[in-house]
Q: 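One structure, as structure tokens, below. Some questions next.
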Amino acid sequence: MGASNLQITLALFAALLALLHLPLRVEAATRHYDFNIKMQNVTRLCHTRSIVTVNGTFPGPQVVVREGDRVLINVTNLVPNNITLHWHGIRQLRSGWADGPAYVTQCPIQTGQSYVYNFTVVGQRGTLWWHAHVSWLRSTLYGPIIILPKKNVPYPFPKPYKQVPIIFGEWFNTDTEAIINQAMQTGGGPNVSDAYTINGLPGPLYNCSAKDTFKLKVKAGKTYLLRVINAALNDELFFSIANHTLTVADVDAVYVKPFKTDTILIAPGQTTNLLLHTKTTPPAATFLMMARPYATGAGTFDNTTVAGILEYESTPSSTKHLPLFKPSLPPLNDTSFATNFTNRLRSLATPNFPANVPQTVDKHFLFTVGLGTKPCDQKNATCQGPNGTKFAASVSNISFIQPTTALLQAHFTGNSGGVYEPDFPYSPLRWFNFTGSPPNNTMVGNGTKLMVLPFNASVEVVMQGTGILGAESHPLHLHGYNFFIVGQGFGNYDPVNDPKRFNLVDPVERNTVGVPPGGWVAIRFFADNPGVWFMHCHLEVHTSWGLKMAWLVLDGKLPNHKLLPPPSDLPKC
């Protein structure tokens with residue numbers, strides 16, 4: 001064999017050896033789902049209603065994927081309503097067309113039409129959820145998204161024996177579309193729900209509901225992963241299981257430094273993974289798991305409690321005679337519990353799960369968020385808001401007017417004239433003592449304004465709550481991004497002293513954050529995902545009143561920093 005042939009053989013042999021030492025690359029799968037939106041008769045609290053569902057189930061089906069998978073969900077609209085679905089918390093890197101908020105990233109799917117939501121799950125694992133994103137249809141259209149780690153990648157906590165979704169919702173005995181339409185007409189607050197639900201069931205504390213109770217049967221000495229989702233329309237909730245300690249392991253599909261607690265607080269839009277360690281021997285008792293609202297505003301709210309039952313498998317078959325333990329939940333307005341709980345949340349910040357917090361900031365913003373009023377437009381009648389006005393809500397005193405063309409389409413085609421203005425203000429145009437006595441003029445402005453960001457800018461947004469019509473907590477959700485919560489406090493934000501206390505080492509990373517009542521929160525993120533991204537209060541009534549805005553993140557220079565063109569089946573307005 002010549003020298004050159006020998007060299008080639010040796011090189012091939014070396015390459016083969018190198019291949020043997022490579023870790024096996026697990027190919028990502030493509031997951032296909034068919035979601036048929038159809039009406040279904042459902043009975044709760046002795047009221048039967050025809051509700052909008054996916055595939056006739058309530059709550060809707062689970063979407064189960066692994067990190068790295070591509071997901072194709074074919075949605076066919078078989079109901080009279082316009083429909084869009086939002087995959088809440090999915091980063092949607094360059095796939096903004098699949099994000100789902102109506103008239104922001106797409107026109108709704110009209111009756112008889114279909115649309116395939118096509119996205120890839122990148123760098124996320126944990127629990128997220130999907131829901132309708134048009135009017136109040138998410139009251140019945142929602143379900144869990146379970147993102148498993150890549151194959152052979154362990155959890156950063158002991159592997160659970162079993163995983164159980166726990167989805168909080170709200171049940172209304174009447175049609176939610178009629179409720180919000182009436183409220184928007186009269187300008188008053190909408191009617192509140194008739195019950196809270198766990199996995200669609202109100203439980204034994206409501207009239208005519210004992211048979212509709214969620215039961216979790218567990219074995220002694222096991223660890224269960226509870227994938228908790230707050231899908232309620234308008235309420236933050238406290239949740240606890242009697243005589244059991246919970247370990248918080250992850251929020252909004254991001255691992256956190258684990259900590260133990262008896263009670264959690266979870267806002268609409270948020271998710272929390274909890275480890276439940278059952279007792280080593282089966283106790284001769286059953287335990288209630290309960291949730292009820294954390295209420296900060298002056299308005300009405302559903303002041304009821306949902307309960308499910310935790311039962312041990314080898315307890316006596318007749319549970320009727322067993323003692324039933326109830327958890328003690330914080331008072332309805334317990335802001336100190338809420339603050340202490342959220343302050344305990346910290347990113348893991350390990351080499352495997354780093355917290356890439358922007359250390360310097362290119363773009364600083366201060367937005368006010370809160371309620372206000374707008375003039376009554378009822379002929380020969382007064383409206384039901386304060387002093388005969390209509391309730392309104394705003395970001396930086398701009399109440400968002402929903403366009404009739406999707407913002408992302410208008411941006412992509414270059415036909416944005418008359419659809420939106422790219423001049424959302426960096427800071428309030430009107431300054432006052434935001435959390436002090438309210439100004440005489442409570443009227444909000446309105447418009448469809450976008451905040452434009454260059455690709456990959458580092459961004460800091462301080463969201464300052466206002467007390468114009470009473471201080472209230474606002475769970476704000478940013479589409480297309482996670483962000484780091486670097487600081488929060490009460491009163492008015494102090495731009496000189498408050499940043500000195502920011503946590504830039506291991507702040508929690510989320511997609512939905514509660515702006516404290518009469519306070520502020522500071523978030524940071526890198527604008528690394530081109531497109532138009534909605535940001536709004538996840539209390540649905542506040543979104544209806546206009547507490548929403550959108551970011552326009554421009555393309556970067558490299559091909560993989562540009563928004564992909566729209567799919568051919570994108571719905572038309």
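These numbers were taken from a predicted model, which means no experiment stands behind them. Residue numbers start at 1 and run along the sequence shown.
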Q: Could you check whether Arg138 makes a cation-pi contact with Trp130, meaning its NZ or CZ is under 6.0 Å from the centre of the six-membered ring and within 45° of the ring axis?
A: no

Q: Out of curiosity, Thr442 OG1 to Phe391 CZ, how far, rounded to the nearest 0.5 Å?
A: 10.0 Å

Q: Anything under 30° is parallel, anything over 60° is perpendicular, the rest tilted; go ahead and classify Tyr155 against Tyr255.
A: perpendicular

Q: How long is the span from the CG atom in Asn77 to the OH atom in Tyr115, to the nearest 0.5 Å?
A: 14.5 Å

Q: Run Leu201 and Thr213 through side-chain contact (heavy atoms from CB on, under 4.5 Å) and show every step you take.
A: CA-CA 5 Å; Leu201 303 170; Thr213 299; 5.8 Å; no

Q: Both conditions, 6.0 Å and 45 degrees, for the charged tip of Arg292 above the ring of Tyr196: are they met here?
A: no

Q: Say whether, by atom type as modelled, one donor and one acceptor occur between the side chain of Asp194 and the main chain of Asn173 under 3.5 angstrom.
A: yes

Q: So, Thr186 side chain and Cys383 main chain: donor-acceptor pair closer than 3.5 Å or not?
A: no

Q: Measure the shortest side-chain to side-chain distance between Leu332 and Phe301 over non-hydrogen atoms and say whether it is less than 4.5 angstrom.
A: yes

Q: Run the side-chain contact (heavy atoms from CB on, under 4.5 Å) test on Leu225 and Val164 for me, step by step, so that the C-alpha distance in whole Å, both residues' side-chain angles and the decisive distance to 0.1 Å come before the verdict.
A: CA-CA 6 Å; Leu225 179 63; Val164 184; over 6 Å; no

Q: Taking the inter-plane angle between the rings of Trp136 and Phe172 on a 0 to 90° scale, is it parallel (under 30°), tilted (30 to 60°) or perpendicular (over 60°)?
A: tilted

Q: What verdict does the side-chain hydrogen bond (donor to acceptor under 3.5 Å, both in side chains) test give for Thr296 and Ser473, after you've listed the backbone C-alpha separation in whole Å, the side-chain angles of each residue and the deciding distance to 0.1 Å?
A: CA-CA 6 Å; Thr296 55; Ser473 174; 4.9 Å; no

Q: Do Pro258 and Leu275 touch side chain to side chain, with heavy atoms closer than 4.5 Å?
A: no

Q: Please state whether the rings of Phe287 and Tyr312 are parallel, tilted or perpendicular, taking 30° and 60° as the class boundaries.
A: perpendicular

Q: Using modelled atom types only, decide if a donor and an acceptor are shared between the side chain of Thr245 and the backbone of Asp262 within a distance under 3.5 Å.
A: no

Q: What's the verdict on side-chain hydrogen bond (donor to acceptor under 3.5 Å, both in side chains) for Arg227 and Gln163, showing C-alpha distance, side-chain angles and the deciding distance?
A: CA-CA 7 Å; Arg227 296 178 173 272; Gln163 310 188 17; 2.7 Å; yes

Q: Relative to the ring of His536, is the ring of His133 parallel (under 30°), tilted (30 to 60°) or perpendicular (over 60°)?
A: perpendicular

Q: Go through the steps for Val116 and Leu72 under the test side-chain contact (heavy atoms from CB on, under 4.5 Å), then give the verdict.
A: CA-CA 6 Å; Val116 177; Leu72 296 173; 4.1 Å; yes

Q: Is it the case that atom CG in Asn207 sees more than 12 heavy atoms from other parts of the structure closer than 6.0 Å?
A: no

Q: Would you say the side-chain atoms of Thr176 pair up with the backbone N or O of Ser139, donor to acceptor, closer than 3.5 Å?
A: no

Q: Indicate the atoms forming the closest heavy-atom contact of Asn234 with Glu170, along with that distance.
A: N-OE1, 2.8 Å

Q: Does the side chain of Phe367 reach to within under 4.5 Å of the side chain of Met535, using non-hydrogen atoms?
A: yes

Q: With a 6.0 Å cut-off on the ring centroids, do His538 and His474 count as close?
A: no

Q: Looking at every non-hydrogen atom in both residues, tell me the closest pair between Asp212 and Thr43 and how far apart they are.
A: OD2-O, 3.9 Å

Q: Would you say that Pro144 contacts Ile167 through its side chain, given a criterion of any heavy-atom pair below 4.5 Å between the two side chains?
A: yes

Q: If we ignore hydrogens and angles and just use 3.5 Å, is the side chain of Lys390 paired with the main-chain N or O of Thr373 as donor and acceptor?
A: no

Q: So Phe35 and Pro61, do their side chains get closer than 4.5 Å, heavy atoms only?
A: yes

Q: Can you check side-chain hydrogen bond (donor to acceptor under 3.5 Å, both in side chains) on Thr127 and Asn273, steps first, answer last?
A: CA-CA 7 Å; Thr127 305; Asn273 277 0; 2.6 Å; yes

Q: Measure from the ring center of Tyr117 to the ring center of Phe119 and say whether it is less than 6.0 Å.
A: no

Q: Side-chain contact, heavy-atom cut-off 4.5 Å: Thr335 with Tyr294?
A: yes

Q: Determine, stepwise, if the pair Ile179 / Asn181 fulfils side-chain contact (heavy atoms from CB on, under 4.5 Å).
A: CA-CA 6 Å; Ile179 289 172; Asn181 290 344; over 6 Å; no

Q: Can you see which heavy atom on Pro282 is nearest to which on Ser314, and at what distance?
A: CG-OG, 3.1 Å

Q: Do Ser399 and Ser394 pass the side-chain hydrogen bond (donor to acceptor under 3.5 Å, both in side chains) test, and can you show the C-alpha distance, the side-chain angles, and the key distance before you say yes or no?
A: CA-CA 4 Å; Ser399 192; Ser394 66; over 6 Å; no

Q: Are the side chain of Gln92 and the backbone of Trp87 linked by a donor-acceptor contact shorter than 3.5 Å?
A: no

Q: I'd like to know if the side chain of Thr278 reaches the main chain of Lys222, judged simply by a donor and an acceptor atom lying under 3.5 Å from each other, with no hydrogens or angles considered.
A: yes

Q: Between Glu313 and Lys217, is there a salt bridge with N-O shorter than 4.0 Å?
A: no

Q: Counting only heavy atoms not in Lys38 (residues, nucleotides, ligands), do more than 12 fall under 6.0 Å from its NZ?
A: no

Q: Search all heavy atoms of Asp334 against all heavy atoms of Phe238 and return the closest pair with its distance.
A: O-CZ, 4.1 Å

Q: Identify the two heavy atoms, one from Pro149 and one from Arg66, that lie closest to each other, and give their separation to 0.1 Å.
A: O-NH1, 2.6 Å

Q: Could you state the interatomic distance from CD (Gln488) to CD1 (Ile523), rounded to the nearest 0.5 Å?
A: 12.0 Å

Q: Side-chain contact test, heavy atoms from C-beta onward, threshold under 4.5 Å: evaluate it for Gln464 versus Val369 and give yes or no.
A: no

Q: Please report the interatomic distance CG(Leu137) to OG1(Thr84), rounded to the nearest 0.5 Å.
A: 8.5 Å

Q: Testing the basics here: between Gly297 and Glu472, what is the closest heavy-atom pair and its distance to 0.1 Å?
A: CA-CD, 3.7 Å

Q: Could you tell me whether the side chain of Thr286 and the main chain of Glu311 form a donor-acceptor pair under 3.5 Å?
A: no

Q: Short question: side chain of Asn36, backbone of Asn55 - any donor-acceptor pair under 3.5 Å?
A: no

Q: Heavy-atom count around Lys326 NZ within 6.0 Å, excluding the residue itself: above 12?
A: no

Q: Tell me whether Asn387 at atom CG has more than 12 heavy atoms from other residues, nucleotides or ligands lying less than 6.0 Å away.
A: no

Q: For the OG1 atom of Thr512 and the CG atom of Asn230, what is their distance to the nearest 0.5 Å?
A: 10.0 Å

Q: Answer yes or no: is there a donor N or O on one side and an acceptor on the other, between the side chain of Tyr103 and the main chain of Val134, under 3.5 Å?
A: no

Q: Counting only heavy atoms not in Gln182, do more than 12 fall under 6.0 Å of its CD?
A: no

Q: Within a radius of less than 6.0 Å around NZ of Lys374, do more than 12 heavy atoms belonging to other residues, nucleotides or ligands occur?
A: no

Q: Any side-chain heavy-atom pair from Phe58 and Ile51 closer than 4.5 angstrom?
A: yes

Q: Which of parallel (below 30°), tilted (30 to 60°) and perpendicular (above 60°) describes Trp129 and Tyr142?
A: perpendicular

Q: Mind checking the CG-NZ spacing from Leu246 to Lys260? Nearest 0.5 Å is all I need.
A: 10.5 Å

